[in-house]
Amino acid sequence: MTSEKRVVVIGGGIAGLRLASRLGPAATVTVLGEETHVPYNRVLLAEVLAGRYAPEVTALPSPGPVLRRGVRAVRVDRPEQAVHCDDGTVAPYDTLVLATGSNAVLPPLRGLFEPEGRELPDGVHAFRTMDDCLALSAAVRPGVRAVVIGGGLLGVSAARALAARGAVVVLAQQGERLMERQLDADASALLATHLTELGVEIHTECRVRGLITTGSPPAGAPHPASAHGTRKVTGVELADGYRLEADVVVLACGVRPRTGLAQAAGLATRKGVLVDDELRTSDPRIHAIGDCAEHAGQVYGLAGAALEQADALAAVLTGGRAPYTGTRALTRLTLGGTGDDSLDLAAFGETTPRPGDDVVRLADGTRRTYRKVVLRGDRLVGGVLLGELSTVGALARTWEGGEPPHDLFHLLTDDGGH
């Protein structure tokens, strides 16, 4: 690739910006970023919501003039090899990279939208973007009644942050336990205990049926349009008919890859935009990376995978031979604070054992630490750690390397990472 090659990247998040920085002078790069904010690290939004970080702390390194902020790509013209934007401009490309990320899932709740409308009621917030975070921060004050719908990584982070701001928080999780994708039952129970001690009321196996808003009709009746075009949430209705009062509702029900542009352009998609080991889509001139990409049946939705894909694609585009073979994902979460208010957790690989696997657990009730690893034969295939993470680096390196652990007990003890 030469600097005369035009690379257009749709998406100004960490994947798109990392790729632009890696390509450097090897190509003429244009990044189309839909958000008007300075690029930021989405992982830190919960810290902003908790009031521990100012928004500017989350800023990513400036990409310079390659980034066009506040510009939304509306159509990819493959025969023309050009991207049409909402401001009327057209960006021609030799190589196009989709780094469009993902959207927050808005669950099919009764009362969420008015007929023919797409406006959320006042007080109802997704928690995905900086705008979401700032709007939610403005709505929260001590004593505000907040219901968080969703007990995954995002919901747990949001609940902890709202509690830190003095809100009265209820977390409603449809599944059997918190963070069920990452944690086993014991680790999830410890996490629930920690959140409960911070004042978060937790309901698992709890399905939310609808929202109660100003002017809500009786159960079963159609929801009328508001006379003044503005509704405000006043509560949440559960499937069993129980109602929770709420001034604020946070929708933390997961994310969905943004594939609309790719689908409209005729590219192959399933859960995400399908890519091969060179991160090419079904059009060899178009690649996809980050949350929107699906590789070998996997959509990661994690910052680490997005960065690895960006690095791998940069190598491909500059003539290197670095096929992408997948990411071994480590989930790490710090529920910040000091002393007893703080809890760190990490999970990697397969945390639920298969028949025949060996499991080693170390738990310390006094120090409130929990460590578990799963062994398949002589290989470490996964693990969960809560409360003290000094060993996570050594464990993760052993897992990523696929080598038999030489001294598992040493790896699990406090000095295992040193």
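These values consider heavy atoms only, across backbone and side chains, with no hydrogens, waters or symmetry-generated copies.
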Let me confirm one number: the [atom1]-[atom2] distance from [X] to [Y], rounded to the nearest 0.5 Å.
X: L136; Y: L162; atom1: CG; atom2: CG; result: 5.5 Å
X: L178; Y: L195; atom1: CG; atom2: CG; result: 6.5 Å
X: L191; Y: D186; atom1: CG; atom2: CG; result: 12.5 Å
X: L343; Y: L198; atom1: CG; atom2: CG; result: 9.0 Å
X: K232; Y: L211; atom1: NZ; atom2: CG; result: 12.0 Å
X: E4; Y: T28; atom1: CD; atom2: OG1; result: 8.0 Å

Contact summary for [X] and [Y], nearest pair of heavy atoms:
X: A164; Y: R52; result: CB-NH1, 4.1 Å
X: A312; Y: L279; result: CB-CD1, 4.2 Å
X: G12; Y: P39; result: O-CB, 4.0 Å
X: I289; Y: A15; result: CD1-O, 3.6 Å
X: G111; Y: T213; result: O-CG2, 4.2 Å
X: G16; Y: V31; result: O-CG2, 4.4 Å

For [range], which residue pairs pass the salt bridge (Lys or Arg N to Asp or Glu O under 4.0 Å) check, not counting sequence neighbours?
range: residues 119-138; result: R128-D291
range: residues 345-356; result: E350-R354, E350-R376
range: residues 165-182; result: none
range: residues 299-311; result: R18-D311, R22-D311

Flag, side chain of [X] to backbone of [Y], donor-acceptor distance under 3.5 Å:
X: D276; Y: R280; answer: yes
X: R209; Y: E237; answer: no
X: R371; Y: L389; answer: no
X: E34; Y: V71; answer: no
X: D184; Y: T351; answer: no
X: D94; Y: R6; answer: yes

In a table with atom names and distances, give each donor-acceptor pair under 3.5 Å that connects a side chain of residues 244-254 to protein atoms at least two apart or in another chain.
from: E245; atom 1: OE1; to: R145; atom 2: NH1; distance (Å): 2.4
from: D247; atom 1: OD1; to: R145; atom 2: NH2; distance (Å): 2.9
from: D247; atom 1: OD2; to: R145; atom 2: N; distance (Å): 2.9
from: D247; atom 1: OD2; to: R145; atom 2: NE; distance (Å): 3.1

For D87, check side chain to side chain donor-acceptor pair (under 3.5 Å) against everything at least two apart and list the hits.
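Scan of D87 (side chain to side chain donor-acceptor pair (under 3.5 Å), adjacent residues dropped) gives R68, T89.
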Would you please name every residue forming a side chain to side chain donor-acceptor pair (under 3.5 Å) with Q174, sequence neighbours left out?
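Here no residue qualifies.
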Mind checking what makes ring-ring contact (aromatic ring centres under 6.0 Å, His included) contact with F348, not counting sequence neighbours?
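Partners of F348 by the ring-ring contact (aromatic ring centres under 6.0 Å, His included) criterion, ordered by chain and then number, come out as W399.
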With sequence neighbours excluded, what pairs up with Y324 under the ring-ring contact (aromatic ring centres under 6.0 Å, His included) test?
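Residues passing ring-ring contact (aromatic ring centres under 6.0 Å, His included) with Y324: H295.
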Would a 4.5 Å heavy-atom cut-off, applied to side chains only, mark [X] and [Y] as touching?
X: L109; Y: V208; value: yes
X: L317; Y: T95; value: yes
X: E35; Y: T129; value: yes
X: E205; Y: Q173; value: no
X: P353; Y: K372; value: yes
X: L345; Y: M179; value: yes
X: V156; Y: L333; value: yes
X: R258; Y: L98; value: no

Might you work through the side-chain contact (heavy atoms from CB on, under 4.5 Å) test for L171 and T204, ending with a clear yes or no?
CA-CA 8 Å; L171 190 156; T204 55; over 6 Å; no
Hey, can you pull the donor-acceptor pairs under 3.5 Å for the side chains in residues 266-273, sequence neighbours left out?
from: T269; atom 1: OG1; to: Q263; atom 2: NE2; distance (Å): 3.4
from: R270; atom 1: NE; to: E294; atom 2: OE2; distance (Å): 3.4
from: K271; atom 1: NZ; to: G297; atom 2: O; distance (Å): 3.1

Kindly indicate, with the supporting measurements, whether the criterion salt bridge (charged side-chain N to carboxylate O under 4.0 Å, His left out) is fulfilled by R368 and E197.
CA-CA 13 Å; R368 292 171 37 159; E197 290 174 352; 2.6 Å; yes
Test side-chain contact (heavy atoms from CB on, under 4.5 Å) applied to V76 and L96, step by step:
CA-CA 9 Å; V76 175; L96 175 64; 3.6 Å; yes
Does any pair with a residue in residues 65-111 pass ring-ring contact (aromatic ring centres under 6.0 Å, His included), and if so which ones, sequence neighbours excluded?
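Counting only pairs at least two positions apart or across chains, no ring-ring contact (aromatic ring centres under 6.0 Å, His included) contact touches residues 65-111.
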Can you run down the ring-ring contact (aromatic ring centres under 6.0 Å, His included) pairs that involve residues 35-82, sequence neighbours left out, and say none if there aren't any?
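Sorted result for residues 35-82: empty, none.
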Take T398 and E400 through the test side chain to side chain donor-acceptor pair (under 3.5 Å) and record every step on the way to the result.
CA-CA 6 Å; T398 301; E400 289 171 350; over 6 Å; no
Is it the case that the side chains of S390 and E388 hold a donor-acceptor pair, with the cut-off being a distance below 3.5 Å and no angle test?
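Yes - a donor-acceptor pair under 3.5 Å links their side chains.
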Worked check of side-chain contact (heavy atoms from CB on, under 4.5 Å) between F127 and V148
CA-CA 10 Å; F127 188 42; V148 177; over 6 Å; no
Counting only heavy atoms not in R141 (residues, nucleotides, ligands), do more than 12 fall under 6.0 Å from its CZ?
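No, because the 6.0 Å sphere around CZ of R141 holds 12 heavy atoms or fewer from other groups.
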R256 atom CZ, over 12 foreign heavy atoms within 6.0 Å:
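Not more than 12 within 6.0 Å, no.
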Under the criterion side-chain contact (heavy atoms from CB on, under 4.5 Å), I'd like the reasoning laid out for I10 against V97: C-alpha separation, chi angles, the key distance, then a yes or no.
CA-CA 6 Å; I10 303 177; V97 180; over 6 Å; no
Carboxylate-amine/guanidinium contact R78 D283, below 4.0 Å:
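Yes, R78 and D283 are salt-bridged.
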